[in-house]
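Sequence lines set the chain letters: A, B, ... in the order given, protein chains first and strands last, and positions in each chain run from 1.
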Protein chains: 2
Amino acid sequence: MPENSTPGGNRRAPQGRRAVISREDLIAAALSLLGPHRSVSTLSLREVAREAGIAPNSFYRHFRDTDELAVVLIEEAGSALRRIIGQSRTRATTERSVVRSSIETFMEQLNPDEKFLPILLREGTVGSDAFKQAVEEQLLYFEEELCSDLVRLADINNTGIVHAPLVAKAITRLVFAMGATAMDLPESEHPRILEEMVVMVRMIIVGTQTMAREGAKLN
Amino acid sequence: MPENSTPGGNRRAPQGRRAVISREDLIAAALSLLGPHRSVSTLSLREVAREAGIAPNSFYRHFRDTDELAVVLIEEAGSALRRIIGQSRTRATTERSVVRSSIETFMEQLNPDEKFLPILLREGTVGSDAFKQAVEEQLLYFEEELCSDLVRLADINNTGIVHAPLVAKAITRLVFAMGATAMDLPESEHPRILEEMVVMVRMIIVGTQTMAREGAKLN
DNA sequence: CCTACGTATATACGTTTGTCTATACACATG
DNA sequence: CATGTGTATAGACAAACGTATATACGTAGG
């Protein structure tokens, strides 16, 4: 078993004919096929191979099937997005600024030539189980990072917080859901959506802070 | 042009051979093909025709293509769900009970043999534009009804509310997003998700009420 | 140089799909 | 009964797909 991996890996001496293409090239080919009207789940093996300039059968040297490619795409999209949004978040110190700048950065990723966010927005509800599970995993990462940030800011500013993980989950799911609708709207509508998202997220934060202040019973 | 419609419509005297099948039968056939691993967007014309027991070409007598069928499916699913959830909502008079009972009713629709909710949950992000627009339209209907209910309850209980349409949108999108993740989880997890959703929605409501009370500035 | 090996391609098969064209069917009307 | 009309089916087509088999290519080690 050749153990699907880039030939330039840890194996010192590559035997046989050199691989003319790498996993990364296939991923790039798949990415270039995506667009506002094309989702990962509709990519065919032959299509990706064609785009990459290889024979259909060569695809199998790198991925077992298109689902495996899709999962890798989702994982890459998730980590790239977390890096981008994480950067914009660490620059902020108050909730107001962190909310707005994070959401602004998020919405910037809906730019037509950014392919990563649409992948996460679209592929969460269709495709194979491995597919949806991969998206769910990335969302959970987002939630974790957001949660620790929320707790950090609550400490700094002495504002209370209850159910921090739930707050993070609510904000994450809400922002992604709103982003999914924005994705199919003309770009001129994006600023309006952004303002809506900011108000929504602030409502959640005011809610948890109020509940913390009042020691609200939860049932 | 025979004006695609059920033969038993307003036209008094049907000429020619009787239609052996109706639009509704085709819709039922499509519904029966759906399941946890089968989304509307993956249904093929031949498959639906096969399930309905007609020749592939006969499909065209009732729908122009599968997209048109899908849109009808989405509209039916939306109106059915609004009726179901609307009933459970009018029985409640306080926010606490209306929130819980509405969400409970919502989650009941994730029962494996209920096909309507999964349609709205899954088809919102993929498929043709007409497709996504149909789902968006149904969500907007949900928001409108929820909004007037929120205003009604705020009046009854003398709790303030700001940005009522935004509150309704946030709750709707959040509940649907959470439902989408619950759909792919074992049913034993549903009660936990339900409790999470209740807390999330209450946070939003507490948030808007607090903002109303404090007359919070919004920028 | 030659041999072994890993990679890439070529060709092909069997399905499934949407759709076209032509034809058989059943009913209402004369 | 005969005729017209709208429906349903039959059969075929090209296209695209995933994949199996066989073969050519290029590199490394002997």
Side-chain angles (χ1 to χ4, degrees), chain A residues 1-26 29-30 33 37-71 126-128 130-131, chain B residues 1-30 33 37-71 126-128 130-131:
Chain A
M1 187 185 296
E3 187 60 37
N4 277 351
S5 66
T6 307
N10 42 9
R11 186 69 76 198
R12 187 62 57 86
Q15 295 262 17
R17 182 176 176 176
R18 292 279 173 79
V20 70
I21 226 173
S22 65
R23 274 171 78 100
E24 285 70 27
D25 293 326
L26 270 177
L33 288 172
H37 290 275
R38 217 46 218 291
S39 72
V40 178
S41 35
T42 67
L43 290 180
S44 77
L45 183 151
R46 293 181 99 106
E47 200 175 5
V48 176
R50 211 180 304 132
E51 178 70 20
I54 62 173
N57 268 326
S58 300
F59 184 93
Y60 294 117
R61 296 276 171 190
H62 305 281
F63 299 98
R64 185 141 40 102
D65 48 31
T66 51
D67 267 23
E68 191 173 301
L69 199 179
V71 169
V126 285
S128 69
F131 227 84
Chain B
M1 186 183 296
E3 188 59 36
N4 276 348
S5 66
T6 305
N10 42 8
R11 186 69 77 199
R12 186 62 56 86
Q15 296 261 18
R17 181 176 178 176
R18 291 281 172 77
V20 69
I21 225 172
S22 65
R23 274 171 78 100
E24 285 69 29
D25 293 326
L26 270 177
I27 292 174
L33 287 171
H37 291 276
R38 213 52 214 290
S39 72
V40 179
S41 35
T42 67
L43 289 181
S44 77
L45 183 152
R46 292 183 99 104
E47 201 174 4
V48 176
R50 211 180 302 132
E51 178 70 20
I54 62 172
N57 268 328
S58 300
F59 184 94
Y60 294 116
R61 297 276 173 192
H62 305 280
F63 300 97
R64 185 141 37 103
D65 49 30
T66 50
D67 267 24
E68 193 174 300
L69 200 180
V71 169
V126 284
S128 70
F131 226 85

Open item on the list: According to salt bridge (Lys or Arg N to Asp or Glu O under 4.0 Å), does anything in residues 38-53 of chain B pair up with another residue at least two apart or in another chain? List the pairs.
Closed with: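 Applying salt bridge (Lys or Arg N to Asp or Glu O under 4.0 Å) to every pair that reaches into residues 38-53 of chain B, excluding sequence neighbours, yields Arg38(B)-Glu47(B).
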Give the rounded distance in Å between these two atoms: [atom1] of [X] and [atom2] of [N].
{"X": "Glu51(A)", "N": "dC17(D)", "atom1": "CD", "atom2": "C1'", "answer": "18 Å"}
{"X": "Asn57(B)", "N": "dA12(D)", "atom1": "CG", "atom2": "P", "answer": "14 Å"}
{"X": "Ile21(A)", "N": "dA8(C)", "atom1": "CD1", "atom2": "C1'", "answer": "11 Å"}
{"X": "Arg50(B)", "N": "dT15(C)", "atom1": "CZ", "atom2": "P", "answer": "13 Å"}
{"X": "Leu69(B)", "N": "dG18(C)", "atom1": "CG", "atom2": "P", "answer": "12 Å"}
{"X": "Ile54(B)", "N": "dA8(D)", "atom1": "CD1", "atom2": "P", "answer": "7 Å"}
{"X": "Gln15(B)", "N": "dG6(D)", "atom1": "CD", "atom2": "P", "answer": "6 Å"}
{"X": "Asp67(A)", "N": "dT19(D)", "atom1": "CG", "atom2": "P", "answer": "10 Å"}

Task: Phe131(A) vs Val126(A) side-chain heavy atoms within contact, under 4.5 Å - done: no
Open item on the list: Assess the residue pair Leu45(B) and Tyr60(B) against the criterion (side chain to side chain contact (heavy atoms under 4.5 Å, CB included)); give the C-alpha distance rounded to whole Å, side-chain angles, the decisive distance to 0.1 Å, and a yes or no.
Closed with: CA-CA 9 Å; Leu45(B) 183 152; Tyr60(B) 294 116; 3.6 Å; yes
Open item on the list: Taking any heavy-atom pair under 4.0 Å as a contact, classify Ser58(A): base, sugar-phosphate, or nothing.
Closed with: base
Task: Flag, side chain of Asp65(B) to backbone of Glu68(B), donor-acceptor distance under 3.5 Å - done: yes
- [ ] Of all the heavy-atom pairs spanning Ala52(A) and Leu26(A), show the shortest one and how long it is.
- [x] CB-CD2, 3.7 Å
Open item on the list: Can you identify which nucleotide, out of dT19(D), dC17(D), dA8(C), has its nearest atom closest to the Arg61(A) side chain?
Closed with: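 Closest of the options to the side chain of Arg61(A): dA8(C).
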Open item on the list: I want to verify a distance call: between dA8(C), dT9(C), dG18(D), whose nearest atom is closest to the Ala19(A) side chain?
Closed with: dA8(C)
TODO: Please figure out whether Gly53(A) or Ser44(B) has its closest DNA chain C nucleotide nearer the 5' end.
DONE: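 Between the two, 5'-proximity favours Gly53(A).
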Task: Along DNA chain C (nearest heavy atom to each residue), the more 5'-positioned of Arg46(B) and Arg46(A) - done: Arg46(A)
Task: Short side-chain N/O contact to dG18(C) OP1/OP2 from Arg64(B), under 4.0 Å - done: no
Open item on the list: So, does Arg18(B) get its side chain near the phosphate of dT5(D), meaning an N or O under 4.0 Å from OP1 or OP2?
Closed with: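 No.
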